[in-house]
Amino acid sequence: MSRRILIAFFIFAGWAGAAFAQATAGDTLRLGFFPPLGEDLVYRIEFSQEQVFDGRTDRRRWSHDVVIRLTGKRPPDLLEGRFTLRNVVDHQGSGEDPYYLIASAIEGESFDLQMLDAGPPVVVDWAGIKRRVGERSAGLGGRTAAAMPQILPMFDPEGVTAVMRPLWVTGIAYLRAFARDGSTTTATGLDLPAFYPVKGAVLQSYGARLEGSEDLMFVWKITSDPKAASESLGRELQGIGRALAGGAGQADAGRQITEAVAQGVEALEAGVAIYDLTPGLMREITFDARLTAGPFRRDTHIIITRLAPE
């Protein structure tokens, strides 16, 4: 887990700043989402992941831009438009990452998009995206590309997490209100956007003005009970175990992970979002997630930077 996020959460949690936001209710504030209609909203997304198991460390790192052009409102609470992925670049070992492969397959093409007027993306032209990925998967190479016909249905029906997972999981910074006095708010049992969704997870968050700036800061952390995490994420971990078991010298990987899942799983994630009052959009979001089961550990780090509007 990134020290930057954890230090920010525990040091600044007790600091009360004079915060202002577009949406208010009582003693709380919520950061509004005010994209320019008919103009490009562009985010650079940098993704890195480190996986450690049985003395082996695997790393993958890739980046891309998401170009969103919203054209109008769709009652009661949606914005609609189109999106394009561009500059999809593998910096290190991402050739077997299904998210990277999907992004590569649709790079440069435009697809329909719907977003909540509060900020997160919720629906894409998943049928069109699946069709395009299916047409190109044979030429992408590797075991994961060959398995795309089995992988793609896992994202049904909306498919938004297949192509916009970073914007979806960090959408919580738009959705959740925070206390005006800068105190920490705790909520449980919520249906939250999350990198590792676990039933009954606990959300801790706070917001304040970023020191020395007009920008606002929203900080959050999601934790869960190890047994609940085992139930919610066991299938994903078993899939990881099967994949590892296929490698040389990893014949007992599946068994080790199965035993670890039975003992409990750690799923932890946290983020720091910096909000720009003008034009009323996130300027930067830094996000970390950790998944641990016995000797297996996977750390994910995401940086989202707004490129346009400046």
Side-chain angles (χ1 to χ4, degrees), residues 1-13 30-31 33 41-51 59-66 68 85 88 91-92 94 97-100 103 115-116 118-122 160-176 178 184-185 187 190-198 201-208 210 215-224 229 232-233 236 266-276 281-292 297-307:
M1 179 62 62
S2 167
R3 290 189 62 190
R4 174 184 173 183
I5 288 182
L6 292 183
I7 290 173
F9 191 89
F10 291 111
I11 290 182
F12 288 105
R30 185 174 62 81
L31 303 176
F33 179 62
L41 172 60
V42 185
Y43 285 103
R44 166 70 49 79
I45 297 178
E46 301 170 76
F47 177 95
S48 60
Q49 192 169 79
E50 180 179 274
Q51 181 171 290
R59 296 182 178 90
R60 59 181 60 170
R61 184 168 61 89
W62 64 284
S63 63
H64 67 293
D65 298 343
V66 179
I68 297 170
L85 303 187
V88 180
H91 299 285
Q92 181 181 9
S94 301
D97 186 330
Y99 297 94
Y100 167 77
M115 305 181 74
L116 290 177
V122 288
V160 68
T161 57
V163 292
M164 289 194 173
R165 192 181 189 188
L167 293 179
W168 162 245
V169 299
T170 60
I172 192 170
Y174 281 119
L175 293 173
R176 295 298 301 175
F178 56 88
T184 301
T185 300
L190 301 175
D191 184 12
L192 299 168
F195 200 83
Y196 295 119
V198 177
V202 177
L203 168 70
Q204 293 177 280
S205 61
Y206 72 93
L210 187 65
D215 290 346
L216 304 182
M217 175 178 64
F218 180 83
V219 182
W220 76 97
K221 181 176 70 171
I222 298 176
T223 55
S224 58
S232 298
L233 304 174
E236 180 173 351
E266 178 191 43
L268 172 67
E269 55 194 81
V272 177
I274 306 302
Y275 182 80
D276 184 357
L281 296 164
M282 295 300 173
R283 184 188 302 279
E284 180 182 271
I285 304 174
T286 305
F287 175 85
D288 286 89
R290 168 168 287 183
L291 180 65
T292 304
R297 189 187 81 238
R298 175 181 282 179
D299 288 325
T300 302
H301 181 64
I302 298 172
I303 300 175
I304 303 175
T305 306
R306 193 184 80 232
L307 303 182

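Between the side chain of Arg61 and the backbone N or O of Ser94 there is no donor-acceptor pair closer than 3.5 Å.
The CG atom of Leu31 lies 10.0 Å from the CD1 atom of Ile274; values are rounded to the nearest 0.5 Å. Annotation: the span from Leu233 atom CG to Glu266 atom CD amounts to 11.5 Å, rounded to 0.5 Å. If you take CD1 on Ile303 and OG on Ser48, they are separated by 7.0 Å, rounding to the nearest 0.5 Å. Annotation: the span from Ile68 atom CD1 to Leu167 atom CG amounts to 5.5 Å, rounded to 0.5 Å. To the nearest 0.5 Å, the span separating CG on Leu268 from OG1 on Thr292 amounts to 8.5 Å. The CG atom of Leu85 sits 5.0 Å away from the NE2 atom of His64 when rounded to the nearest 0.5 Å.
The two residues Ala267 and Leu291 make their nearest non-hydrogen contact at CB-CD1, 4.4 Å. Heavy-atom minimum distance, Thr286 versus His301: CG2-CE1, 3.6 Å. Considering all non-hydrogen atoms of both residues, Val198 and Ser224 come closest at CG1-CB, 3.7 Å. Of all heavy-atom pairs between Ile222 and Ala201, the closest is CG2-CB, 3.7 Å.
Looking at Ile302 and Thr170, their side chains never come closer than 4.5 Å, going by heavy atoms from C-beta outward. Side chains of Val122 and Val160 form no contact here, defined as non-hydrogen atoms less than 4.5 Å apart. The closest side-chain heavy-atom distance from Met115 to Leu41 is not below 4.5 Å. No side-chain heavy atom of Asp288 sits less than 4.5 Å from a side-chain heavy atom of Asp299. Contact check for Ile304 versus Val66: no side-chain heavy atoms found under the 4.5 Å cut-off.
For Ser232, there are no side chain to side chain donor-acceptor pair (under 3.5 Å) partners, not counting sequence neighbours. Looking at residues two or more places apart in sequence or on another chain, you find a salt bridge (Lys or Arg N to Asp or Glu O under 4.0 Å) between Glu50 and Arg59, Arg297. Under the rule for a side chain to side chain donor-acceptor pair (under 3.5 Å), the partners of Asp215 that lie at least two apart in sequence or sit in another chain are Arg283. For Arg176, there are no salt bridge (Lys or Arg N to Asp or Glu O under 4.0 Å) partners two or more places apart in sequence or in a different chain. The salt bridge (Lys or Arg N to Asp or Glu O under 4.0 Å) search around Asp65 returns Arg44, Arg86, not counting sequence neighbours. Applying the side chain to side chain donor-acceptor pair (under 3.5 Å) rule to Trp168 yields no partners; only residues at least two apart in sequence or on another chain are considered. With sequence neighbours excluded, no residue satisfies ring-ring contact (aromatic ring centres under 6.0 Å, His included) with Tyr196. Scored by the side chain to side chain donor-acceptor pair (under 3.5 Å) test, Gln49 finds Thr300 as partners (sequence neighbours excluded). Applying the side-chain contact (heavy atoms from CB on, under 4.5 Å) criterion to Val169, with sequence neighbours excluded, gives Arg165, Phe195, Phe287. Residues passing the salt bridge (Lys or Arg N to Asp or Glu O under 4.0 Å) test with Arg298, sequence neighbours excluded: none. With sequence neighbours excluded, no residue satisfies ring-ring contact (aromatic ring centres under 6.0 Å, His included) with Tyr43. Judged as a side-chain contact (heavy atoms from CB on, under 4.5 Å), and not counting sequence neighbours, the contacts of Ala173 are Phe218, Trp220, Ala273, Met282.
When the options Tyr275, Tyr206, Phe178 are evaluated for a side-chain contact (heavy atoms from CB on, under 4.5 Å) with Met217, the one that passes is Tyr206.
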message = Is there a side-chain contact (heavy atoms from CB on, under 4.5 Å) between Tyr174 and Leu116? Walk through the geometry before answering.
response = CA-CA 10 Å; Tyr174 281 119; Leu116 290 177; over 6 Å; no
request  = Please test Glu284 against Val272 for side-chain contact (heavy atoms from CB on, under 4.5 Å), starting from the C-alpha separation and ending with a verdict.
outcome  = CA-CA 8 Å; Glu284 180 182 271; Val272 177; over 6 Å; no
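Relative orientation of the Trp62 and Tyr100 rings is perpendicular, given thresholds of 30° and 60° on the angle between their planes.
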